[in-house]
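Read through the structure below, which is laid out as structure tokens, and then see the notes.
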Amino acid sequence: MTLSRSTIFLQKFVKERRTHYGLSKVSTVSDDELKSIVEEAVMHVPSPFNMQSGRAVILTGEASDKLWLNVVLPGYLKLVGGDENAINLNTTKITEYAAGYGTVMFFEDQAAIDSMAAKIPPMAQYFPSWSENSTGMLQFTIWTALASEGMGASLQHFGAYSEEISTNVLKEFNLPSTWKSTAMMPFGVATGGPGHASRPKTFEPIGERVRFIQ
Ligand SMILES: Cc1cc2nc3c(=O)[nH]c(=O)nc-3n(C[C@H](O)[C@H](O)[C@H](O)COP(=O)(O)O)c2cc1C
């Protein structure tokens with residue numbers, strides 16, 4: 001039986017993308033292919049009025065380690081504090097992200113959003129939420145593409161939690177001050193199954209979530 005293209009897309013690629021926390025320093029694709037995946041996604045994922053406010057940075061090797069261990073870890077511990085137990089738990093969690101092959105950092109360029117909002121004043125109020133929609137589409141596309149190549153990844157938001165982490169990320173990697181961090185995606189060949197073993201993924205009844213009306 002020949003499967004339809006949408007079945008292949010949904011059953012193979014969309015369904016197989018999962019959150020993976022346990023990552024290794026192995027990539028199934030070359031760095032050139034990695035760059036090409038991210039470039040194609042950034043170029044072709046839609047944005048409101050084609051404003052193209054999405055930005056992405058691929059970190060591998062020492063650069064990815066630096067993000068998690070030198071920028072996110074101290075910034076997050078400072079933000080959440082806690083006792084020795086909490087500090088150890090958060091350190092373990094963030095060290096897991098550093099264990100991956102690399103990280104894709106996602107940003108929205110506030111300058112592009114402001115410029116488009118100024119061009120279309122009646123729509124100006126919608127651009128911030130449309131920009132969030134667009135970065136989500138970009139994150140999903142890259143996450144699914146990495147999964148289709150046999151790599152695990154997760155989605156983290158430390159830049160959004162903390163102004164200080166966000167500022168330090170821009171400083172550390174010499175990025176424009178108008179880039180607003182929207183997510184960080186550590187990736188690499190997974191060392192185990194998806195999600196938390198103790199909490200299998202569950203699904204609400206699909207009939208309550210989708211309606212078909214003629
Ligand atoms: C907008 C958004 C924000 C998320 N934020 C986080 C996060 O901060 N940390 C995390 O570990 N997972 C985060 N996730 C991943 C979800 O928890 C995960 O996708 C969901 O539980 C379904 O599991 P799956 O990815 O294995 O299908 C986020 C997902 C989305 C779509």
Side-chain angles (χ1 to χ4, degrees), residues 17-27 31 34 38 42 53-111 113 128-129 131-132 134-136 138-140 142-143 146-147 151-201:
R17 178 226 51 83
R18 293 291 313 278
T19 292
H20 282 272
Y21 294 109
L23 303 173
S24 66
K25 295 244 173 251
V26 180
S27 172
D31 285 357
L34 211 48
V38 173
V42 168
S53 51
R55 306 286 182 266
V57 177
I58 309 154
L59 305 173
T60 62
E62 271 180 28
S64 184
D65 294 350
K66 223 185 240 179
L67 167 72
W68 294 110
L69 303 177
N70 297 5
V71 180
V72 172
L73 181 58
Y76 193 61
L77 292 182
K78 190 171 159 194
L79 181 74
V80 297
D83 58 15
E84 198 185 327
N85 196 29
I87 290 171
N88 287 340
L89 273 176
N90 283 320
T91 302
T92 304
K93 191 168 74 173
I94 288 167
T95 306
E96 252 189 338
Y97 308 139
Y101 179 80
T103 305
V104 183
M105 297 195 294
F106 296 87
F107 302 85
E108 283 288 294
D109 190 347
Q110 196 60 48
I113 299 166
S129 66
S131 143
E132 292 293 335
S134 191
T135 190
L138 180 60
Q139 292 157 22
F140 176 76
I142 291 176
W143 195 349
L146 292 174
M151 278 193 286
S154 76
L155 195 61
Q156 306 301 328
H157 297 90
F158 293 95
Y161 300 151
S162 156
E163 190 68 41
E164 187 176 322
I165 293 177
S166 183
T167 304
N168 287 341
V169 165
L170 298 182
K171 216 184 286 171
E172 180 68 46
F173 300 105
N174 200 21
L175 302 171
S177 62
T178 53
W179 288 21
K180 187 180 134 221
S181 173
T182 59
M184 298 166 176
M185 184 176 287
F187 67 89
V189 169
T191 55
H196 297 285
S198 58
R199 277 187 271 143
K201 186 173 177 179

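The backbone N or O of G100 lies less than 3.5 Å from a partner atom in the side chain of K25, making a donor-acceptor pair. Looking only at distances, a side-chain donor or acceptor of S162 sits under 3.5 Å from a matching main-chain atom of E164. When atom types are taken as modelled, the side chain of T191 and the backbone of G22 share a donor-acceptor pair closer than 3.5 angstrom. Here the side chain of K93 pairs no donor or acceptor atom with the backbone of N88 at under 3.5 angstrom. Between the side chain of W143 and the backbone N or O of R18 there is at least one donor-acceptor pair closer than 3.5 Å. Looking only at distances, a side-chain donor or acceptor of S24 sits under 3.5 Å from a matching main-chain atom of V189.
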TODO: Evaluate side chain to side chain contact (heavy atoms under 4.5 Å, CB included) for I113 paired with K180, printing each intermediate quantity in order.
DONE: CA-CA 11 Å; I113 299 166; K180 187 180 134 221; over 6 Å; no

Open item on the list: Run the side chain to side chain contact (heavy atoms under 4.5 Å, CB included) test on F158 and M184 for me, step by step, so that the C-alpha distance in whole Å, both residues' side-chain angles and the decisive distance to 0.1 Å come before the verdict.
Closed with: CA-CA 7 Å; F158 293 95; M184 298 166 176; 4.2 Å; yes

TODO: Before giving the answer on side chain to side chain contact (heavy atoms under 4.5 Å, CB included), spell out for N90 and T92 the whole-Å C-alpha distance, their side-chain angles and the decisive distance to 0.1 Å.
DONE: CA-CA 5 Å; N90 283 320; T92 304; over 6 Å; no

Open item on the list: The test is side chain to side chain contact (heavy atoms under 4.5 Å, CB included); show your working for V57 and F107 and say whether it passes.
Closed with: CA-CA 8 Å; V57 177; F107 302 85; 3.8 Å; yes

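Across all non-hydrogen atoms, the minimal contact from A56 to V38 is CB-CG1, 3.7 Å. Counting all heavy atoms, side chain and backbone alike, L67 lies closest to M105 at CD1-SD, 3.8 Å. T19 and S154 make their closest contact through CG2-CB, 3.8 Å (heavy atoms, listed as atom of the first residue, atom of the second, distance). For the pair G159 and S166, the tightest heavy-atom approach, listed with the atom from each and the gap, is O-CB, 3.4 Å. Nearest heavy-atom pair, I165 versus Y76, reported as atom, atom and distance to 0.1 Å: CD1-N, 3.7 Å. In terms of heavy-atom proximity, A190 sits nearest to H20 at CB-ND1, 3.4 Å.
Between V42 and R55 there is no side-chain heavy-atom pair separated by less than 4.5 Å. Annotation: side chain of F187 is not in contact with side chain of I142 (no heavy-atom distance under 4.5 Å). At least one side-chain heavy atom of T60 sits under 4.5 Å from a side-chain heavy atom of L34. M185 is listed as a side-chain neighbour of F106, based on a closest heavy-atom distance under 4.5 Å. In this structure the side chain of L23 reaches within 4.5 angstrom of the side chain of P186, judged on heavy atoms. For the pair H196/Y21, a side-chain contact is recorded, criterion being any heavy-atom separation below 4.5 Å from C-beta on.
Side chain to side chain, T178 and D109 meet the donor-acceptor criterion of an N or O pair below 3.5 Å. Neither side chain, Y97 nor D65, offers a donor N or O lying under 3.5 Å from an acceptor on the other. Remark: the W68 side chain and the T103 side chain contain an N/O donor-acceptor pair separated by less than 3.5 Å.
Enclosure of atom CD in E163 is not indicated, since only 12 or fewer non-hydrogen atoms of other residues, nucleotides or ligands lie within 6.0 angstrom.
One distance of note links CD of E96 with OG1 of T91; it measures 12.0 Å at 0.5 Å rounding. With rounding to the nearest 0.5 Å, the separation of CG in L77 from CD1 in I94 is 6.0 Å.
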